[in-house]
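Everything on this sheet refers to the single structure shown next.
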Amino acid sequence: MGFCFWFFLVFILWQMMNVPTQAAIAVGGGVGIDIGNGVGGGGVWFGGGININNNPTPSGPSVSKLNNAYTALQAWKSAITDDPLGVLKTWNGSDVCSYKGVFCSVDSSNEPFVAAIDLNHGNLQGTLVKELSFLTDITIFHLNSNRFSGTVPDTFNDLTSLQELDLSGNYFSGSFPMVTLYIPNLVYLDLRFNNFSGTIPEDLFYKRLDAIFLNNNQFEGELPSNIGNSPASVINLANNKFNGNIPASFGFMRSKLKEILLLNNQLTGCIPQGVGLFSEMQVFDVSHNSLMGHLPDTMSCMSDIEVLNLAHNELSGVLPDIVCSLRSLMNLTVAYNFFSGFGQECSKSFYRDVGFDFSLNCIPGRDMQRPQPQCNVIPGSGLSCLRIPSPQPLVCGALFENLNPNVTPSSSPSP
């Protein structure tokens with residue numbers, strides 16, 4: 001919710017700075033904000049199409065886009081079967097900019113159009129209709145926390161201006177909606193808390209998205225090998241049924257990824273050495289899987305990491321000091337693993353105001369550890385994690401060249 005709220009606020013402010021002084025934005029609130037500066041009586045309209053300067057919505061031949069919007073919204077209204085909160089009571093007549101949850105702006109020719117729809121928490125029940133593709137100028141489409149079901153219409157690829165699509169918290173089902181990959185300007189994709197299933201396509205991680213939220217669905221299969229190639233800053237795949245290994249290539253494309261959440265899946269194997277290449281990573285959560293082996297020493301290069309959650313896996317070995325001494329670390333959780341010890345830097349975590357949970361491991365002399373019989377056989381003790389030798393001591397700046405066999409120092413990417 002926080003991300004969506006701030007995104008929308010920025011959108012409104014951007015419009016205020018960039019539309020002509022005669023322009024107006026009709027928004028579903030109830031307060032008018034004057035941006036005319038005393039010239040021409042322009043304004044931002046909130047709620048019911050009522051402007052504090054009493055300027056009417058533009059009419060006449062210029063409203064052709066609003067006519068298309070009227071057709072689209074009335075077709076959609078007919079496909080909504082339950083509206084217990086009366087959200088759609090205002091969806092009558094041709095003035096679509098007065099509809100609750102419908103936001104309008106004007107283009108450079110002063111022609112009005114529907115710029116955004118925000119029906120979050122409307123408790124609406126129904127389906128999406130193909131006519132929504134008539135809203136070719138819409139940039140934001142928010143439907144989180146409703147009861148919509150069915151699939152995403154294939155016609156959504158006609159929404160060429162759409163930047164943010166939030167369908168979270170509904171009952172959509174079926175395979176991954178491939179049409180979302182063909183919405184050319186989409187940067188924010190939120191499908192979490194639905195009933196989507198099946199595998200996710202590799203092309204998802206080639207698309208220029210800044211945020212990918214697929215958590216809390218029924219997706220399954222192995223993670224695409226190019227997941228680390230994504231330009232996104234946030235990827236959340238938690239609470240699905242993904243299995244297999246985290247791809248060995250993870251991190252080798254110098255991604256700008258800041259948060260990745262893979263918790264509560266069925267992942268196995270090792271944490272790949274390339275994870276250390278995510279030097280801008282702030283949140284790394286792979287808890288509640290079945291990962292094994294030792295932690296890679298490259299994790300010492302995750303200089304911006306704040307939350308590192310490795311709990312509820314089958315990791316083993318000594319928890320290295322280089323992990324506990326990460327400068328930005330605020331919370332380190334390694335509970336419910338098979339670690340056999342940790343060094344002095346980890347002990348200092350108790351005094352650095354770092355949350356450190358190492359319970360239910362196999363650390364001698366420490367409280368709240370596993371019973372000894374559970375520690376006699378370490379899971380994955382015969383597992384050989386691929387570890388490419390790196391310089392000692394580890395030089396993080398040269399890490400990419402040393403770990404990626406396809407890159408030589410003379411051809412290494414520029415920063």
Original post:
Given the rule in the side chain to side chain contact (heavy atoms under 4.5 Å, CB included) test, do Y70 and Y99 qualify, once you have shown the distances and angles that lead to the verdict?
Top reply: CA-CA 10 Å; Y70 173 76; Y99 291 6; 3.5 Å; yes

Do the side chains of [Y] and [X] get nearer than 4.5 Å, heavy atoms only?
{"X": "T298", "Y": "L277", "value": "no"}
{"X": "S303", "Y": "R327", "value": "yes"}
{"X": "H294", "Y": "S316", "value": "yes"}
{"X": "V234", "Y": "K258", "value": "no"}
{"X": "K65", "Y": "D107", "value": "yes"}
{"X": "F141", "Y": "L132", "value": "yes"}
{"X": "L295", "Y": "L310", "value": "yes"}
{"X": "L329", "Y": "L308", "value": "yes"}

Looking only at heavy atoms, what is the nearest atom pair of [X] and [Y], with distance?
{"X": "F176", "Y": "I200", "answer": "CD1-CG2, 4.3 Å"}
{"X": "E202", "Y": "P224", "answer": "CG-CB, 3.7 Å"}
{"X": "M299", "Y": "L326", "answer": "O-CD2, 3.6 Å"}
{"X": "G101", "Y": "L119", "answer": "CA-CD2, 4.0 Å"}
{"X": "P247", "Y": "L223", "answer": "CG-O, 3.9 Å"}
{"X": "H312", "Y": "N337", "answer": "N-ND2, 4.0 Å"}

Can any side-chain N or O of [X] pair as donor or acceptor with the backbone N or O of [Y] at less than 3.5 Å?
{"X": "W91", "Y": "K100", "answer": "yes"}
{"X": "E314", "Y": "I378", "answer": "no"}
{"X": "K207", "Y": "I183", "answer": "yes"}
{"X": "S175", "Y": "G198", "answer": "no"}
{"X": "N194", "Y": "R192", "answer": "yes"}
{"X": "S161", "Y": "T136", "answer": "yes"}

Original post:
Taking the six-membered ring where the residue is Trp, are the ring centres of F148 and W76 under 6.0 Å apart?
Top reply: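 Centroid separation for F148 and W76: below 6.0 Å.
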
Original post:
Taking the six-membered ring where the residue is Trp, are the ring centres of F358 and F339 under 6.0 Å apart?
Top reply: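 Ring centres of F339 and F358 not closer than 6.0 Å.
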
Subject >> Among D118, N170, N120, side-chain hydrogen bond (donor to acceptor under 3.5 Å, both in side chains) partner for N144 >> reply: N120

**OP:** Determine the sole option in N239, N236, N240 for which the side-chain hydrogen bond (donor to acceptor under 3.5 Å, both in side chains) test with N216 is passed.
**Re:** N239

**OP:** Look at the rings of F213 and Y188 and say which category their plane angle falls in: under 30° parallel, 30 to 60° tilted, over 60° perpendicular.
**Re:**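 The rings of F213 and Y188 sit tilted, inter-plane angle from 30° to 60°.
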
**OP:** Give the ring-plane orientation class for F219 versus F196, where under 30° counts as parallel, over 60° as perpendicular and anything between as tilted.
**Re:**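 Taking F196 first and then F219, their aromatic rings lie parallel (interplane angle under 30°).
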
About how many Å separate [atom2] of [Y] and [atom1] of [X], when rounded to the nearest 0.5 Å?
{"X": "Q369", "Y": "S340", "atom1": "CD", "atom2": "OG", "value": "10.5 Å"}
{"X": "L315", "Y": "S290", "atom1": "CG", "atom2": "OG", "value": "10.0 Å"}
{"X": "L267", "Y": "N313", "atom1": "CG", "atom2": "CG", "value": "8.5 Å"}
{"X": "T90", "Y": "L88", "atom1": "OG1", "atom2": "CG", "value": "7.5 Å"}
{"X": "L66", "Y": "L73", "atom1": "CG", "atom2": "CG", "value": "10.0 Å"}
{"X": "K77", "Y": "E131", "atom1": "NZ", "atom2": "CD", "value": "15.0 Å"}

Testing the 3.5 Å rule here: is there a donor-acceptor pair between the side chains of [X] and [Y]?
{"X": "N265", "Y": "N289", "value": "no"}
{"X": "D357", "Y": "T333", "value": "no"}
{"X": "T139", "Y": "Q163", "value": "no"}
{"X": "E280", "Y": "S233", "value": "no"}

Original post:
Under the side chain to side chain contact (heavy atoms under 4.5 Å, CB included) criterion, do L128 and L143 qualify, and how do the steps go?
Top reply: CA-CA 10 Å; L128 302 180; L143 288 185; 3.6 Å; yes

Original post:
For D154, does the CG atom have more than 12 heavy-atom neighbours from other residues, nucleotides or ligands under 6.0 Å away?
Top reply: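 Not buried by this count: 12 neighbours or fewer within 6.0 Å.
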
Subject >> Residues, nucleotides or ligands: over 12 heavy atoms within 6.0 Å of Q372 CD >> reply: yes

**OP:** Start with the C-alpha gap between S173 and Q218, add the side-chain angles, then the distance that decides, and say whether side-chain hydrogen bond (donor to acceptor under 3.5 Å, both in side chains) holds.
**Re:** CA-CA 9 Å; S173 59; Q218 302 295 320; over 6 Å; no

Subject >> N146 and H121: CA distance, side-chain angles, deciding distance, side chain to side chain contact (heavy atoms under 4.5 Å, CB included) verdict >> reply: CA-CA 6 Å; N146 283 282; H121 301 280; over 6 Å; no

**OP:** Evaluate side chain to side chain contact (heavy atoms under 4.5 Å, CB included) for F172 paired with L191, printing each intermediate quantity in order.
**Re:** CA-CA 9 Å; F172 292 108; L191 303 178; over 6 Å; no

**OP:** Identify the residue among S347, S300, C346 that makes a side-chain contact (heavy atoms from CB on, under 4.5 Å) with D321.
**Re:** C346

